[in-house]
Amino acid sequence: MEVLYKSTRNGEIGVKASEAILKGLSEDGGLFVPDHIPALDKSLQELAGMNYREVAYEVMKLYLTDFTEEELRDCISRAYDSKFDTESVAPLVDADGTYYLELFHGATIAFKDMALSILPHLMTTSARKNQVKNDIVILTATSGDTGKAALAGFAGVEGTKIVVFYPKNGVSPIQEKQMVTQKGDNTYVVGIRGNFDDAQTGVKRIFADKELAGRMEAAGCQFSSANSINIGRLVPQIVYYVYAYAKLLEEGRIREGDAINVAVPTGNFGNILAAFYAKNMGLPIARLICASNENRVLYDFFRTGVYDRNREFVLTSSPSMDILISSNLERLVYRIAGDDAEANALLMQVLNGEGKYEITEEMKAQLGEFYGNYASEQETADTIRTLYERTGYVIDTHTAVASCVYGKYVKETGDARPAVIASTASPFKFTRSVMNAIDMKYNSMTDFELVDELSALAHVAVPKAIEEIRTAPVVHDHVCDRDEMQKTVEEFLGL
């Protein structure tokens, strides 16, 4: 059955998957959502016998219904190839009785690779399918990981250009080095004087500028997005939850039909939304555990029904979650509003004007499958150290937030059913925070000395992504103010 996509702010707009991928954002500012969530059409037992690429096809074919089998399989095979340092693509590791789904084995050692390895192929295939002759200009804001993963995915891809904005002092040194050393004539990286929400707001403003869109059309190019608002980012993320369940079943850790819990470190809400979609496809997930850091806007939302971004922005050791405007939450709000685009649009209008909104009691009642909590900076560090001391397994700061919150959930509820924690980044990406959590004696070392020390400590080889940037020259050094973002894009594009 064909799946069409409609805007969360105008339910009447229906486009094919390839059109939604190309547009990124609906013209009314809404996010594209499927007109229905398709059910898995393979049994869990059948999925248990498949590798990652095969599971990816079985899940994604249900959403990308205007792609031919040949087109979709080609995109998948190009994405999940030798760029990943393990044949399984996303290994499941049992540590202290909990399953860590390692989503960081791609080119940039973060979970964003899982979707951003395939998005360029989905996008160029979509352009061909829709006879688009313009160059596609990817415009994106990053809190740390999306930027490098998108740059790596789109670098050198014919018919595309990519512009990435990041908060100049709001990412880890390794994250910044990965971005500013990115090669490729079609890539452009800009640090802004501000935080991630400033960058994201600026990008949305540029997307909404009709006059600029007209000038770009005349110049033979058009914008699209690689942020998690793009449905081409969300659909590939659904895959790894289905794959994780299939692996547990294959290994005899669970029986077919047994429910599991899923814990996800969450900033922009896309990753846990993908788990919600998987659950609604028929995957036996009991609770969706939404883990926040000290920027606890989502925790407060699940506790009170009020989304309020009017608060202090906290820079933490888990910078990819330092977000107060969780864009993908709009997709969930639209869903619990009964797919009422008008009601959702009104809430988003209030958010833009007042910086907060409150959902109805009827909507709150539909959030029972979610559990929200947060981890302080101290709790995050303690979780890293404790898990290492117990097991020798080292996790990064974002994964530690989820692990800590999962522990709180079990303590509160006594629910000890099998749990999968989304491990969203390699500890090598946040070496200083990770090593200081284990022992402050490492504090005097340089970032790359810490890399080698972590490798010895965890008995894990230094990832290729880190080795490559040790001596790589900086090729992007542009910095601008928040209100200069559009001017910077126009200069890059020669408009």
Side-chain angles (χ1 to χ4, degrees), residues 5 7-8 17 20-26 29-34 59-60 63-64 79 103-104 106 108 110-120 122-123 138-154 162-167 171 175 196-197 199-204 207 223-241 262 264-278 288 290-292 295 297-298 307 318-335 348 398 402 422 424-425:
Y5 290 83
S7 166
T8 51
I21 289 168
L22 282 175
K23 289 175 182 287
L25 196 65
S26 176
L31 278 60
F32 286 112
V33 290
V59 172
M60 293 175 66
Y63 287 92
L64 309 182
L103 301 171
F104 53 76
T108 73
F111 85 102
K112 306 293 175 76
D113 290 324
M114 302 299 292
L116 282 164
S117 292
I118 194 168
L119 183 62
L122 294 176
M123 204 163 270
I138 302 300
L139 182 63
T140 196
T142 183
S143 55
D145 286 337
T146 286
K148 174 59 182 180
L151 288 162
F154 282 93
I162 178 165
V163 183
V164 170
F165 289 99
Y166 73 96
V171 301
Q175 285 177 313
F196 169 74
D197 289 333
Q200 183 163 256
T201 299
V203 164
K204 286 183 175 178
F207 266 110
F223 282 133
S224 191
S225 170
N227 274 77
S228 59
I229 54 175
N230 193 311
I231 201 70
R233 276 277 304 274
L234 183 61
V235 169
Q237 290 182 270
I238 300 168
V239 174
Y240 46 72
Y241 295 107
V262 171
V264 186
T266 308
N268 219 0
F269 204 73
N271 204 357
I272 196 165
L273 182 73
F276 173 77
Y277 275 36
L288 297 154
C290 179
S292 301
N295 292 290
V297 63
L298 287 168
Y307 190 91
S318 47
S320 297
M321 299 163 65
D322 290 347
I323 295 172
L324 296 180
I325 306 172
S326 301
S327 294
N328 268 292
L329 185 64
E330 180 173 345
R331 285 185 164 113
L332 179 65
V333 169
Y334 172 80
R335 170 92 175 189
M348 295 307 122
H398 303 74
T424 53

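Here CE of Met114 is found 10.0 Å from CG of Asn271. Values are rounded to the nearest 0.5 Å. Atoms CD1 and OH, on Ile238 and Tyr277 in that order, are 7.5 Å from each other to the nearest 0.5 Å. Atom-to-atom distance recorded for Lys112:NZ and Ser320:OG is 5.5 Å, nearest 0.5 angstrom. Atom CD1 in Ile272 sits 11.5 Å away from atom CG in Asn328 (nearest 0.5 Å). The distance from the CG atom of Leu31 to the OH atom of Tyr5 is 13.0 Å, given to the nearest 0.5 Å. Rounded to the nearest 0.5 Å, atoms CD1 (Ile323) and OG (Ser292) are 10.5 Å apart.
Under a 3.5 Å cut-off, the side chain of Arg233 and the backbone N or O of Ala226 do form a donor-acceptor pair. No donor-acceptor pair closer than 3.5 Å links the side chain of Tyr63 to the backbone N or O of Ala17. Listed for the Thr8 side chain is no donor-acceptor partner under 3.5 Å among the backbone atoms of Arg331. No donor-acceptor pair closer than 3.5 Å links the side chain of His398 to the backbone N or O of Ala425. Thr424 places no side-chain N or O within donor-acceptor distance of the main-chain N or O of Ala422, the cut-off being under 3.5 Å. Of the possible polar contacts, one joining the Asn230 side chain to the Ile21 backbone as a donor-acceptor pair under 3.5 Å is found. Under a 3.5 Å cut-off, the side chain of Thr146 and the backbone N or O of Thr142 do not form any donor-acceptor pair. Between the side chain of Ser7 and the main chain of Phe32, no donor-acceptor pair closer than 3.5 Å is present. In this structure, Glu330 contributes its side chain and Met348 its backbone to no donor-acceptor pair below 3.5 Å.
Nearest heavy-atom pair, Ile118 versus Pro236, reported as atom, atom and distance to 0.1 Å: CG2-CG, 3.6 Å. The heavy-atom pair separating Gly267 from Leu298 by the smallest distance is O-CD1, 3.8 Å. When all heavy atoms of Ala402 and Pro265 are compared, the pair lying nearest together is CB-CD, 3.6 Å. Of all heavy-atom pairs spanning Gln200 and Ser327, the tightest one is NE2-OG, 3.2 Å. Considering all non-hydrogen atoms of both residues, Ala149 and Leu116 come closest at CB-CD1, 3.5 Å.
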- Met123/Ile138 under side chain to side chain contact (heavy atoms under 4.5 Å, CB included): CA gap, chis, key distance, verdict: CA-CA 10 Å; Met123 204 163 270; Ile138 302 300; 3.2 Å; yes

- Message: Is there a side chain to side chain contact (heavy atoms under 4.5 Å, CB included) between Leu151 and Ile162? Walk through the geometry before answering.
- Response: CA-CA 7 Å; Leu151 288 162; Ile162 178 165; 3.9 Å; yes

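Inter-residue side-chain proximity for Tyr307 and Ser326 is flagged as met; some heavy-atom pair is nearer than 4.5 Å. The shortest distance between side-chain heavy atoms of Val264 and Tyr241 falls below 4.5 Å. Considering only heavy atoms from C-beta on, Gln175 stays 4.5 Å or farther from Tyr166 through its side chain. Side-chain contact check for Phe196 versus Ile325: every heavy-atom pair is 4.5 Å or farther apart.
For NZ of Lys23, the number of neighbouring non-hydrogen atoms (other residues, nucleotides, ligands) closer than 6.0 Å is 12 at most.
Under the side-chain contact (heavy atoms from CB on, under 4.5 Å) rule, Leu273 has a single partner from Leu234, Asn268, Leu329, which is Leu234.
If you check the side chains of Asp322 and Asn295, you find a donor sitting under 3.5 Å from an acceptor.
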